Amino acid sequence: MIAPVCERVNDLADEAKRDRLAEVDPDAVAELEAEAEAEEQLLPDLPDVADHEEVRMRLAPNPNGPWHLGNARMPAVIGTYKSMYDGWMLCRFDDTDPETKRPDLDAYDGIIDAIDYLGFEPDEVVRASDRVETYYEHARDLIDAGGAYACTCSQEQFSELKADAEPCPHRGQDADETHAEFDRMVAGEYESGEMVLRVRTDIEQKNPALRDWVAFRMVDTPHPREAAAEYRCWPMLDFQSAIDDHLFDITHIIRGIDLQDSAKRQGFLYDYFGWEYPEVTHWGRIEVDEYDVPLSTSSIKERIAEGELDGWDDPRAPTLASLERRGVRGGAVVAAMTELGVSTSSADLSMSAIYSANRERVDEGTDRAFLVRDGERLPVDGGPDAGHPPVHPEHEDRGRRDVPLDDAVLLEPGDVPAEGDRVWLKGWGPVRNEDGRLVHTDEGIEVVREEGVDVVHWVDADENVPVTMRTMDGDVSGRAEPGVGDYGVDDLLQFERVGFVRLDDVVGDELTTYFTHA
RNA sequence: GCUCUGGUAGUGUAGUCCGGCCAAUCAUAUUGCCCUCUCGAGGCAAUGACCAGGGUUCAAAUCCCUGCCGGAGCACCA
């Protein structure tokens with residue numbers, strides 16, 4: 001009585017089960033989801049969450065180019081925390097260096113798109129270059145509090161003094177004088193390198209990195225954004241970020257280990273202002289295997305300029321644009337990133353972690369098809385005029401494909417049976433190689449089950465679709481079954497015994513696909 | 001040189017704060033088997049780690065010391 005029902009339920013896909021269950025018992029679904037969520041808590045708890053009404057975090061990208069894989073860690077981790085704590089997330093473009101790390105005007109939107117690809121959405125987006133006046137105001141407050149002085153020392157001079165824990169000649173400057181100098185900086189009366197505003201920390205601080213750091217400097221190059229093009233006096237990251245983190249009520253800062261000393265540096269500012277510093281967590285550097293190109297915006301830029309890569313979405317580029325084009329789901333990247341946790345030691349991310357996470361997401365919904373690479377043409381005698389492999393092996397209900405077979409097939413060289421040997425053309429039937437012809441043998445599937453006949457994919461030698469598959473190791477060409485013509489750009493397919501691909505382009509009857517992974 | 005910071009299987013991670021239930025978790029990877037008309041998915045199994053040496057302790061991955069090896073900062077970059 002019950003067994004047949006169980007069987008039917010087991011045949012349903014997970015989604016279908018869930019939908020059906022939702023009709024029968026909505027509470028049970030909520031419970032299931034809660035369980036799933038609890039299991040998915042991959043990240044350790046943030047410190048002192050209970051002390052804050054709301055967890056407020058920020059992404060602070062520098063928009064100096066499209067994102068690579070390493071950049072994904074920030075939104076992956078912070079976005080995941082946002083959903084864990086139902087928190088708030090700012091995206092603040094730290095674009096206060098018009099010269100050395102010059103912003104790329106396309107990168108602002110590009111980064112927002114990348115965040116969206118990863119499945120997150122900032123609650124608010126701001127650009128530091130729109131907020132320069134705010135930084136000036138706080139600089140003036142800092143001067144009033146005795147926390148800053150204007151300094152004309154060269155980098156080398158100051159560096160030497162700092163190394164010896166000696167104050168520079170300007171350190172004793174009074175607030176009025178500093179105000180006057182700072183006004184001149186803001187008015188653009190100095191050129192690059194002539195004057196900086198330093199924070200008066202503690203010149204005898206045992207950590208040299210914390211001694212009287214630069215808060216503002218002069219930059220001659222105009223900012224690429226028109227709205228900010230007139231500014232010449234720019235805040236350094238430590239100043240700008242410190243002010244903004246407070247003004248946006250950021251409770252938790254999560255950032256790279258390279259900014260380890262920032263909290264201590266900025267602590268001097270917070271002390272002058274009487275503010276409380278947010279909780280800070282750091283993660284270490286990550287490296288990704290399987291790529292010859294380092295995770296660095298500038299080196300990717302170079303390879304593109306030199307023509308070694310076709311662009312930011314070249315399959316060989318370790319960029320998010322490349323993964324997206326290859327059909328990797330953003331969620332798979334996030335899963336792999338959160339799995340890395342927030343350890344401060346450096347880590348190697350293996351692409352297999354991303355692929356595995358992606359396979360989990362994609363296998364269920366992806367239709368199957370045949371692609372024969374470097375096909376070898378073999379005449380076929382006898383047998384039916386078409387094969388009918390399933391659209392998806394676990395879902396008979398999705399139907400069967402119609403793969404024609406007239407009088408010859410293409411097989412991959414490694415699949416061609418030796419003279420006298422048999423092979424099973426998947427979804428069609430068994431053949432034996434007799435003098436270079438494949439002769440239908442009219443045997444049942446038991447030859448596969450019991451006699452170890454290999455099952456191979458195939459395609460009609462004449463009725464097929466030319467396919468170019470772009471992979472990390474270069475382009476591969478092949479021929480696919482005619483049915484692939486029914487799919488459109490952005491669809492995913494699994495070429496059986498080859499791997500997953502994303503359809504990228506259709507020109508006439510020619511298909512370009514990007515290889516995702518096996 | 002000065003100052004931070006870290007070191008658990010190939011990779012990542014749990015455990016380390018509050019020593020025992022850790023001959024160490026989970027995932028991925030690799031290999032083998034099962035299942036399957038895919039080399040996908042699923043199932044089962046195997047492989048494989050506490051950086052080293054001392055100390056404290058009845059007991060140490062966990063606490064202490066030393067050493068070794070990493071990573072980061074000491075920018076008028078972010």
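We name chains A, B, ... by the order of the sequence lines, and we start the count at 1 in each one. Remember, it's a predicted structure, so these values are computed and weren't measured experimentally.
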Enquirer: Which part of the nucleic acid does A:P390 contact within heavy-atom distance under 4.0 Å: base, sugar-phosphate only, or nothing?
Expert: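 Here A:P390 touches no strand at all.
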Enquirer: Which part of the nucleic acid, if any, lies within contact of A:D258, taking any heavy atom under 4.0 Å across all strands shown: a base, the sugar-phosphate backbone alone, or nothing?
Expert: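 Touches a base.
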Enquirer: Decide yes or no, distance alone: a donor-acceptor N/O pair under 3.5 angstrom between the base of B:G6 and the side-chain of A:Q260.
Expert: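 There is none.
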Enquirer: Rounded to whole angstrom units, what separation is found between the CZ atom of A:R127 and the P atom of B:A78?
Expert: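 In whole Å, B:A78 P lies 18 Å from A:R127 CZ.
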Enquirer: Do the side-chain N or O atoms of A:T96 get closer than 4.0 angstrom to the phosphate oxygens (OP1, OP2) of B:A78?
Expert: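 Looking at the OP1 and OP2 atoms of B:A78, one of them is under 4.0 Å from a side-chain N or O of A:T96.
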Enquirer: Just to be sure I understand the rule, does A:V196 reach a base, reach only the sugar-phosphate, or reach nothing, if contact means heavy atoms closer than 4.0 Å?
Expert: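 Contact class for A:V196: base.
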Enquirer: Using a heavy-atom cut-off of under 4.0 Å over every strand shown, decide if A:S262 touches base, sugar-phosphate, or nothing.
Expert: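 Since no nucleic acid heavy atom lies under 4.0 Å of A:S262, the category is nothing.
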Enquirer: Using nucleotides 27-31 of chain B, report all nitrogen or oxygen pairs with the protein that are shorter than 3.5 Å.
Expert:
from	atom 1	to	atom 2	distance (Å)
B:U28	O2'	A:S352	OG	3.3

Enquirer: Identify which one of A:Y135, A:F216, A:Y270 satisfies the ring pair (Phe, Tyr, Trp, His ring centres under 6.0 Å) criterion when paired with A:F239.
Expert: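 By the ring pair (Phe, Tyr, Trp, His ring centres under 6.0 Å) criterion, A:F239 pairs with just one of A:Y135, A:F216, A:Y270: A:F216.
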Enquirer: Nearest of B:U38, B:C37, B:C77 to any side-chain atom of A:E496?
Expert: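 Nearest to the side chain of A:E496 among the choices is B:U38.
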Enquirer: How do A:W424 and A:L210 order along RNA chain B: which one's closest nucleotide is nearer the 5' end?
Expert: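 Closer to the 5' end of RNA chain B: A:W424.
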Enquirer: Expressed in angstrom and rounded to an integer, what is the separation of A:N358 atom CG from B:A41 atom C1'?
Expert: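 Atom-to-atom, A:N358 to B:A41, this comes out as 14 Å.
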Enquirer: Classify the side chain of A:R368 and the base of B:U38 as holding, or not holding, a donor-acceptor pair under 3.5 Å.
Expert: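 Answer yes: a donor N or O sits under 3.5 Å from an acceptor.
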Enquirer: Tell me if the side-chain of A:Q205 makes a donor-acceptor pair with the base of B:U3, cut-off 3.5 Å, by modelled atom types.
Expert: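 It does not, because no donor-acceptor pair links the side chain of A:Q205 to the base of B:U3 below 3.5 Å.
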Enquirer: Please state how far atom CD in A:E287 lies from atom C1' in B:G12, giving the value in whole angstrom units.
Expert: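 The distance from CD of A:E287 to C1' of B:G12 comes to 14 Å, rounded to the nearest Å.
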Enquirer: When the distance from NE2 of A:H395 to P of B:U36 is rounded to whole Å, what number comes out?
Expert: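 These atoms are roughly 18 Å apart.
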Enquirer: Under 3.5 Å, is there any donor-acceptor pair linking the side chain of A:K101 to the base of B:C77?
Expert: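 Counting by modelled atom types and ignoring angles, a donor-acceptor contact under 3.5 Å is found here.
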Enquirer: Partner lookup for B:U36, please. Criteria are Watson-Crick or G-U wobble with both distances under 3.5 angstrom; report none if nothing qualifies.
Expert: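 Looking at the geometry, B:U36 pairs with no nucleotide.
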Enquirer: So what does A:F500 touch, heavy atoms closer than 4.0 Å: a base, only the sugar-phosphate, or nothing?
Expert: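 The residue A:F500 makes sugar-phosphate contact but no base contact.
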Enquirer: Taking the minimum atom-to-atom distance to the side chain of A:N207, which one of B:A75, B:C4, B:C37 wins?
Expert: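 Taking heavy atoms from C-beta onward, the closest nucleotide is B:C4.
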Enquirer: Ignoring backbone atoms, establish whether A:K264 has a side-chain N or O less than 4.0 Å from OP1 or OP2 of B:U3.
Expert: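 For A:K264, the contact criterion (side-chain N or O under 4.0 Å from OP1 or OP2 of B:U3) is not met.
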Enquirer: Is there a side-chain contact between A:V423 and A:P430, using heavy atoms and a 4.5 Å cut-off?
Expert: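 A:V423 vs A:P430: side chains apart.
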Enquirer: So do the side chains of A:R200 and A:L142 get within less than 4.5 Å of each other, counting heavy atoms only?
Expert: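 The answer is no; the side chains never approach within 4.5 Å.
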Enquirer: Respond yes when some side-chain nitrogen or oxygen of A:Q155 is under 4.0 Å from OP1 or OP2 of B:C76, and no when none is.
Expert: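 Result: yes.
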Enquirer: Within this structure, what is the CD-to-C1' distance between A:Q240 and B:A78, rounded to whole angstrom?
Expert: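 So the two atoms are 10 Å apart, to the nearest Å.
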Enquirer: Looking at B:C77, I'd like to know if its phosphate oxygens (OP1 or OP2) sit under 4.0 Å from a side-chain N or O belonging to A:R217.
Expert: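 Answer yes for this pair, as a side-chain N or O of A:R217 is under 4.0 Å from OP1 or OP2.
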Enquirer: Go nucleotide by nucleotide along RNA chain B from the 5' end; which of A:H392 and A:F158 gets its closest nucleotide reached first?
Expert: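 It is A:H392, whose closest nucleotide lies nearer the 5' terminus.
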Enquirer: Ignoring backbone atoms, establish whether A:K162 has a side-chain N or O less than 4.0 Å from OP1 or OP2 of B:A75.
Expert: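 Checking B:A75 against A:K162, a side-chain N or O does come within under 4.0 Å of OP1 or OP2.
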Enquirer: Between A:R422 and A:E451, is there a side-chain N and carboxylate O pair less than 4.0 Å apart?
Expert: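 A:E451 and A:R422: salt-bridged.
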Enquirer: So if I take residues 59-71 of chain A and measure heavy-atom distances to RNA chain B, which residues fall below 4.0 Å?
Expert: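 Within residues 59-71 of chain A, the residues near RNA chain B are A:N62.
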Enquirer: In whole Å, what is the span from the CG atom of A:D261 to the P atom of B:G71?
Expert: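 After rounding, the gap between these two atoms is 17 Å.
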Enquirer: Verify the neighbour count for atom CG of A:D385: are there more than 12 heavy atoms of other residues, nucleotides or ligands below 6.0 Å?
Expert: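 Incorrect, the count does not exceed 12.
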Enquirer: Find the distance A:D238:CG to B:G73:C1' and express it as a whole number of Å.
Expert: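 Taking atom C1' of B:G73 as the reference, CG of A:D238 is at 11 Å.
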Enquirer: Assign A:S241 to base, sugar-phosphate, or nothing according to its heavy-atom contacts below 4.0 angstrom with the strands shown.
Expert: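 It contacts nothing in the nucleic acid.
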Enquirer: With no hydrogens and no angle check, do the side chains of A:D367 and A:H392 hold a donor and an acceptor under 3.5 Å apart?
Expert: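 No, no side-chain donor-acceptor contact under 3.5 Å.
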